[in-house]
Amino acid sequence: MAEIRYISTRGRAPALGFEDVLLAGLARDGGLYVPERWPALTAGDLAALSGLPYAELAARIVQPFVGRAISESDLASLASAAYGNFDHPDVAPLVALGRGEFLLELFHGPTFAFKDFALQLVGRLFDHVLKRRGERITILGATSGDTGSAAIAALAGRAAVDVFILHPKGRVSEVQRLQMTTVDAPNVHNIAIEGTFDDCQDLVKAAFNDLALRDALKLSAVNSINWGRIAAQIVYYVWVALKLEAHERGLAFAVPTGNFGNVYAGYAARQIGLPVTQLIVGSNRNDILTRFFEERAMEMRAVEASFSPSMDIQVSSNFERLLFDLLGRDGAAVTAAMAEFRRTGRMPISEAAWRKARDLFSAARFSDQETLAWIRRMRDETGRLVDPHTAIGIAAGRAKRRAADVPLVALATAHPAKFGMAVKQALGDEPPLPPALADLAKRPEHCVTLPNSAAALFEHLRANAGKPRAAKLATIRGAA
Ligand SMILES: *Cc1c(COP(=O)(O)O)cnc(C)c1O
């Protein structure tokens, strides 16, 4: 098989192999990397993978995306280490809810959200590649809460990497913030930005688009734009299909969605041969994707805070990858559409391209009150506690499922204790913290606050990258 190569969705950056795409994150033309050709798995290939433990399956599914960049045995050990510290023997346990509905629990990793699936592996891939190259890089990322803690957990203390994580000040949950700011490692730098998650994401993009800064600091990304994360997330879609023996019959997924990374991995799973018949996007009141899939209206609005903060996003970065396929993989067309979206706040999309998306995707939005009602309903119907994101996924699945005879799998993206306040509002009691988080609020925090300004951020990066975190910076407990 020809070695895998990645091309930019904007068509004007050089095609790269896996290692370079992993380290680059965003392409130099502002686009996102996607495989030039999708690796293909036949139903027979899939059947041959059934029964493998999660980490072994991960190595097998990710290998074609890595190509010859990393040997099979190295990849197998990296995957085994990545998923060895999850707190459930199945890594991603599947729970039956009845009526052909299932819940896939993706919150058994070290930071209790699905982001660990990608980042525990990607952190190790970075380390492996950088050690071999003798290089040092600066990871810069924006988080609506869960990416940051997962990235920090995966990269804290690694010698070849500095990690700068931006979060919107006061707009992440208490547990999310503490999971980031209480990590005491010299290479971890938390920055609270006075703005929204979209502001944080724009600042990160601005840093990457400043090629001088980018080269000076060797900037790299672990946001969900990083292809390594998508590749790692494809695995649990395949895992479920094999568990349900649905690799020939087909199955539908309901995915609470923000940056479109998780559900895009479901799309990618379909592109490599998994019989995914429907992908259902759940959103909160920040419902740009729901308006797109249901009404063909992709219009930017202001971001509003909700009970599901990891989905408080208006511009879903990974959507560009789907757009690339909807527009016939025409980089110039994507560039033009994205420019118009930026300029006017409205994404131009033809009826034909939209219909293509509609064949596979549906979407539904839920208000905070509806989210709380679904948390109660799940407890009453099944005895399970679900977090607000997961509740929205389940609700969207129930609302939009097209075929009752096709199994529907809702992705449980976070442990309920990560969003204890919302669960408490729904049920009256806060869910117990997992033992690993029990003393979180007692640990000192490390974080600086910066205005929503590219200049301020760039100065901070230049001053701190490559050096151990300055001092024990201001304790922000209570200030957020
Ligand atoms: C990140 C996150 C989401 C959204 O996932 P995307 O890949 O950004 O669409 C949903 N739920 C939780 C708990 C998350 O952390």
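Note that ligands are numbered from 1 as they come in the structure, with each ligand's atoms numbered from 1 the same way. Positions are given from 1 along the sequence.
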Exercise for the section: Could you tell me if the ring centre of Tyr54 sits under 6.0 Å from that of Phe117? Expected result: yes
Practice task
Check whether more than 12 heavy atoms from other residues, nucleotides or ligands sit under 6.0 Å from atom CZ of Arg346, and answer yes or no.
Solution key: no
Problem - Lys169/Glu194 salt bridge by N-O under 4.0 Å criterion - result: no
Handout entry: Enclosure of Arg376 CZ (heavy-atom neighbours >12, cutoff 6.0 Å)
Key = yes
Completion exercise
CG of Asp439 to CZ of Arg443, rounded to nearest 0.5 Å, is 4.0 Å
Under 3.5 Å, N/O to N/O: give me all the pairs between ligand 1 and the protein, one per line with atom names and distance.
residue, atom, partner, partner atom, Å
ligand 1, 7 (O), Gly261, N, 3.2
ligand 1, 7 (O), Asn262, N, 2.8
ligand 1, 8 (O), Asn259, N, 2.7
ligand 1, 9 (O), Gly258, N, 2.8
ligand 1, 9 (O), Asn259, N, 3.2
ligand 1, 9 (O), Phe260, N, 3.0
ligand 1, 11 (N), Thr413, OG1, 2.9
ligand 1, 15 (O), Lys115, NZ, 2.6
ligand 1, 15 (O), Asp146, OD2, 2.3

Completion exercise
In short, Tyr264 meets Val34 closest at the heavy-atom pair OH-CG1, 3.9 Å
